[in-house]
Amino acid sequence: MELAKKYNPAEVEDKWYRYWLENKVFSAKPNPEKEPYCIVIPPPNVTGVLHMGHMLNNTIQDVLIRRARMQGKEACWVPGTDHASIATEAKVVRMLRERGISKHELSREEFLKYAWEWKEKYGGIILEQLKKLGASCDWDRTRFTMDDKYYKAVIRVFVDLYKKGYIYRGLRMINWDPEAKTALSNEEVIYKEEGEISKLYHVRYPLADGSGHVVIATTRPETILADTAIAVNPNDERYAALVGKQALVPFVNRPIPIIADDYVDTSFGTGCLKVTPAHDPNDYEIGLRHQLEVIDILNEDGSLNEACGVEKYVGKDRFEVRKMIAKDLEEAGLLVKVEEITNKVGRSERTGAVVEPRLSLQWFIKMKEISKRALEAVEKDEVQLVPAKFKNIYRHWMENVRDWCISRQLWWGHRIPAYYYGEGENDFVVAETIEEAVALAREKSGNPHLQASDLRQDEDVLDTWASSWLWPIAVFDGFEDEYFDKEKGKIHKEKNADLNYFYPTKVLVTAPEILFFWVARMIIAGYEYLDERPFEHVYLTGIVRDKLGRKMSKSLGNSPDPLELMAQYGADGVRVGMLFSSPAGNDLLFDEKLCEQGRNFANKIWNAFRLVKGWTVEAGAAMPARNRLATDWLRARLETVKQALDEQFAQYRLSEALMTLYKFIWDDFCSWYLEMVKPAFGQPIDAPTYEQTTAFFDEILRLLHPFMPFITEELWQHLSERRNGETICQAPYPQVQAAADTGLIEEMERMMELIAQVRNVRAERQIPNKDSLPLFIKTNRQALYERYAEIVKKMANLAEIAFGEPAEGQNAIPFVLKEDECFLVVEGSVDTEQLKADLLKELDYYRGFKQSVEKKLSNERFVQNAPAAVVEKERKKLADAEAKIAAIEESLAKLGHAIDK
RNA sequence: GGGUUCUUAGCUCAGUUGGUUCAGAGCACCUGCCUUACAAGCAGGGGGUCGCAGGUUCGAAUCCUGCAGAACCCA
């Protein structure tokens, strides 16, 4: 078998992914013999494409699930997609516009037909992309939030929560996107960090009694026409006399009261606040406190309506009116001045339109009561957030939770199951089906003749999160008739085999940005319907940023295309690159160099494999002592590595775990072990060493497989004959066998230091590596060095290791290893002055060190207060330093240097 | 404005309840090598008064206070 000099991921990745699918390696079903380990994927937008955030997030999930699978757990990773109501609808509307079709020309049914076509065309691309990454999902379980069953579940939950009294319909100040013509949740409104430059208009309002005027400041002069009061701070002496009087609204001359309210900030603008309850949330609150009239002057598209009272403004967009009104105020002599200020302007996350606070009838979920257990669960670590710092953030949000506006003025989504039978605000019923609705409506209205055709279903759909918050339950069909108890509004988990086995899931891996949107709400739903947490751990990943620390975004164009990255560096390389610098919860400053490092790592392993596979094996030969030491040592190191990995995984320190393996493979295995046992060119290797080496290789591949699934499968299959369908995905994950032989590791470390010292001397004196040199060691541990002599000779290219000192006249370069003196015999003359200088420098350092330790030990309070073990360590440090100093002094004396002690 | 978190080498980060040879890693950097697995490589090396100022302690990167700066969340 001929292996290429360089690893080529493109040749193997698709092959193995297909193999895994063909052999159903990723499918999972309840298995009482095994421990369940389930992850539900955070469903990406069905029509979205893979971005770097997905890459990170799904790499992490795949590492966790693959490791669990190898550990013999029933590993189930449930994939799926989200309908992403507003984002998808916006895309469909744009597509239609490009075809010259306006959404409003279409009926709801026609529009939805286009939307489903769009979904069929682009839906699921992202799942195919995940396969490129190696994601080991159970694809047969793929779910979509608008699948029939899922749709029914969402509607069922709406009805249930309505019955339980958690859902109400109310007039509320909501964030209105005039472009998409929909309400937005607070989370969907974004503010530019640096704010935006706005004009602050100072406007004069005459007093009704003609005794003067009052000046207010506003950034939204078009809302003047909806003013119903002017407010001042009760403590503001400047205006105390005005309170109780009336002012006249410009143009319409409506008299409005001047009131006192604590909300007013005396230092902002003029200290007089115009109050527009219909168009500002704070003003709305003030209006409630003072029973002010509410005048709504905006249409749903952001244009002004008749209520504004000025004919020429009617039908014009608010920003156009702003310009007009500024001009008109100036002409009327009411504009005092205009200044520029920076303020925060809310914009729609999806359309970018300036969000207008708007009063409207919307559907809400009361959050306070229903979220109680979800708050407790995290407080008590029943649901454990990783990293834990998010607990504080979570608590703060949950303690101040506000009612959740769940209606959206869109068509793509789950249509609200409320049916209206009359014009009154309460003339509606909520039901899962039209038949039930008719029955309920007859009852509620007292009209037994009502027909389905008399009912109008609510036009709005539900917020996407109001479907995805059911994800960990709905993917297992938990809300189906057989399992859902309509009376109690609870799920009988024990009746549903999947739910019973896989729920609660093990860990949710997601971005901190959606901690409240989604994570908190899933926890709420979990307790509401199953009285149980939906997952044990929440691993919050960082946000992927570019190397300048900016968020990756389409508009900046700073996001690399994941598929191209994988084509260039291999999926394994990219996975490694993503994980290298992403400790949990810390942002990841993505740099392509990290993927390059991942690719290089794959190549390193590939070549190590080529080396081992290229050996000819000498059957019947015994293992030489040198190799016995090397294999024992590597085994000991491997034990410490496995132990470290277990600990790192337990704490979700994936980047550390990967680095542990990276260093073990590159340094310990390749640079040290393979070099130790590698036969001379053309020579065979003894069979026991060869077998041990392949066994190590096998174990290393299994440890690495969760991180780099493709190359490990490729090499593992090459390593030995495998059965048909056999895969490393299901090979046992290496377990800690025994306590590592730390004595052996320490001994080897000493030898490695010795080898490094010799190499160092060579590098400094520019002695070619080819020249094999004799080494003398003056030590009282001769047996130890003798045992390792063969290894040291090979690794440092020494002609021999002798004990004692070189003969007079032999040129030797001295160095000190721990407390032993070493002499590397070289040809040619030696610059003794330089050697002395080097030794003196070292001596200086150790004398200083010794002094500081002595100082510590002579401090009575230290000796008394510090734990005995710490004091003991200091004593040991002192003894070691003294031995070292003695050795250095001796070397110096030999060079003819007088020591002043 | 309120809250949370953070500030350690040129860069990205570890540093576990304060206590091992005067703070570690990876990358980058410097020097020498195309040595028959790998130049996507090998060997060696330099680099930090742990944001600043106080305090507690025998002992502080680690605990406390203040200041400066950054990020995120909420308003």
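The figures that follow rest on heavy atoms only: side chains count, while hydrogens, waters and symmetry mates do not. Chain A is the first sequence line, chain B the second, and so forth, proteins listed ahead of strands; every chain is numbered from 1.
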*When we call it a touch if two heavy atoms are under 4.0 Å apart, what does Asn603(A) touch: a base, just sugar-phosphate, or nothing?*
base
*Under 4.0 Å: is that the gap between some side-chain N or O of Asn400(A) and OP1 or OP2 of rA75(B)?*
no
*Taking only the side-chain heavy atoms of Lys604(A) (C-beta and beyond), determine which of rA37(B), rC22(B), rA43(B) contains the nearest atom.*
rA37(B)
*Give none if rC6(B) has no partner; otherwise give the nucleotide forming a Watson-Crick or G-U wobble pair with it, both distances under 3.5 Å.*
rG69(B)
*Sticking with atom P, work out how far rC33(B) lies from rC52(B), rounded to a whole angstrom.*
41 Å
*Find the distance Arg765(A):CZ to rG45(B):C1' and express it as a whole number of Å.*
14 Å
*asked:* Measuring only the C1' atom in each nucleotide, how far is rC6(B) from rC50(B)? A whole number of Å is fine.
replied: 14 Å
*Does Arg781(A) pair with Glu819(A) as a salt bridge, N-O distance under 4.0 Å?*
yes
_Quick one: does any side-chain atom of Asn797(A) pair with a main-chain N or O of Lys770(A) as donor and acceptor, under 3.5 Å?_
yes
*asked:* I want to check one thing: is the phosphate of rG41(B), taken as OP1 and OP2, less than 4.0 Å away from some side-chain N or O of Tyr7(A)?
replied: no
*asked:* Considering every strand and a 4.0 Å limit on heavy-atom distances, what is the contact class for Ala866(A): base, sugar-phosphate, or nothing?
replied: base
*Gap in Å between the two P atoms, one belonging to rC64(B) and one to rU5(B), rounded*: 11 Å
*Taking for each residue the nucleotide of RNA chain B bearing the nearest heavy atom, is the 5' side occupied by Tyr845(A) or by Arg610(A)?*
Tyr845(A)
*asked:* Once you apply a heavy-atom cut-off of 4.0 Å, does Glu675(A) come out as touching a base, just sugar-phosphate, or nothing?
replied: base
*In whole angstrom, give me the gap between the C1' atoms of rU36(B) and rC29(B).*
30 Å
*With respect to the side chain of Asn859(A), which nucleotide from rU4(B), rA75(B), rC58(B) is positioned closest?*
rC58(B)
*asked:* Regarding Glu656(A), tell me which of base, sugar-phosphate or nothing describes its non-hydrogen contacts under 4.0 Å with the strands shown.
replied: sugar-phosphate
*Below 4.0 Å: OP1/OP2 of rC13(B) and any side-chain N or O of Ser655(A)*: no
_Need to verify one output field. Residue with the more 5' nearest nucleotide on RNA chain B, Pro9(A) or Arg653(A)?_
Arg653(A)
*For Lys678(A), which contact category applies under a 4.0 Å heavy-atom criterion: base, sugar-phosphate, or nothing?*
base
_Gap in Å between the two P atoms, one belonging to rG1(B) and one to rG54(B), rounded_ = 29 Å
*Can you find an N or O donor on one side and an acceptor on the other, under 3.5 Å apart, linking the side chain of Lys593(A) with the base of rC27(B)?*
no
*C1' atoms of rU20(B) and rU56(B), separation to the nearest Å*: 24 Å
*Taking only N and O in the side chain of Lys391(A), is any of them less than 4.0 Å away from OP1 or OP2 of rU5(B)?*
no
*Please step through side-chain hydrogen bond (donor to acceptor under 3.5 Å, both in side chains) for the pair Trp716(A) and Asp698(A), ending with a clear verdict.*
CA-CA 7 Å; Trp716(A) 192 78; Asp698(A) 195 286; 3.2 Å; yes
_Nearest-Å distance once atom C1' is located in both rG51(B) and rA71(B)_ = 15 Å
*Is the distance from OP1 or OP2 of rC58(B) to the nearest side-chain N or O of Arg861(A) less than 4.0 Å?*
yes
*asked:* Quick test of your reading of the model: are Asp771(A) and Arg762(A) salt-bridged, counting only N-O distances below 4.0 Å?
replied: no
*For Trp465(A) and Phe517(A), which heavy atoms make the closest approach, and how far apart are they?*
NE1-CD2, 3.3 Å
*Quickly work out the Asn797(A) CG to rG44(B) P distance and round it to whole Å.*
14 Å
_Met659(A) vs Gln648(A), side-chain contact (heavy atoms from CB on, under 4.5 Å): CA-CA, chis, key distance, verdict_ = CA-CA 11 Å; Met659(A) 188 50 75; Gln648(A) 286 155 344; over 6 Å; no
*Quick one: does Arg599(A) reach the base of rA40(B) with a side-chain donor-acceptor pair under 3.5 Å?*
yes
*Looking only at non-hydrogen atoms, find the nearest pair between Val761(A) and Leu824(A) and report the distance.*
CG1-CD2, 3.7 Å
*Scan Phe601(A) against the nucleic acid and name what it touches under 4.0 Å (heavy atoms): base, sugar-phosphate only, or nothing.*
nothing
*What nucleic acid atoms does Ala602(A) come within less than 4.0 Å of, heavy atoms only: base, sugar-phosphate, or nothing?*
nothing
*Which part of the nucleic acid does Trp666(A) contact within heavy-atom distance under 4.0 Å: base, sugar-phosphate only, or nothing?*
sugar-phosphate
*Using a heavy-atom cut-off of under 4.0 Å over every strand shown, decide if Lys663(A) touches base, sugar-phosphate, or nothing.*
sugar-phosphate
*Arg402(A) side chain N/O closer than 4.0 Å to the phosphate oxygens (OP1, OP2) of rA75(B)?*
yes
_Taking the P atom in each of rG19(B) and rA43(B), what is the distance between them to the nearest angstrom?_
34 Å
*Determine, for Arg750(A) against Glu747(A), whether the closest basic-nitrogen to carboxylate-oxygen distance falls under 4.0 angstrom.*
no
*Mind checking Asn392(A) for me? I need base, sugar-phosphate or nothing, with any heavy atom below 4.0 Å counting as a touch.*
sugar-phosphate
*For rU4(B), take OP1 and OP2 only and decide whether either is under 4.0 Å from a side-chain N or O of Lys389(A).*
no
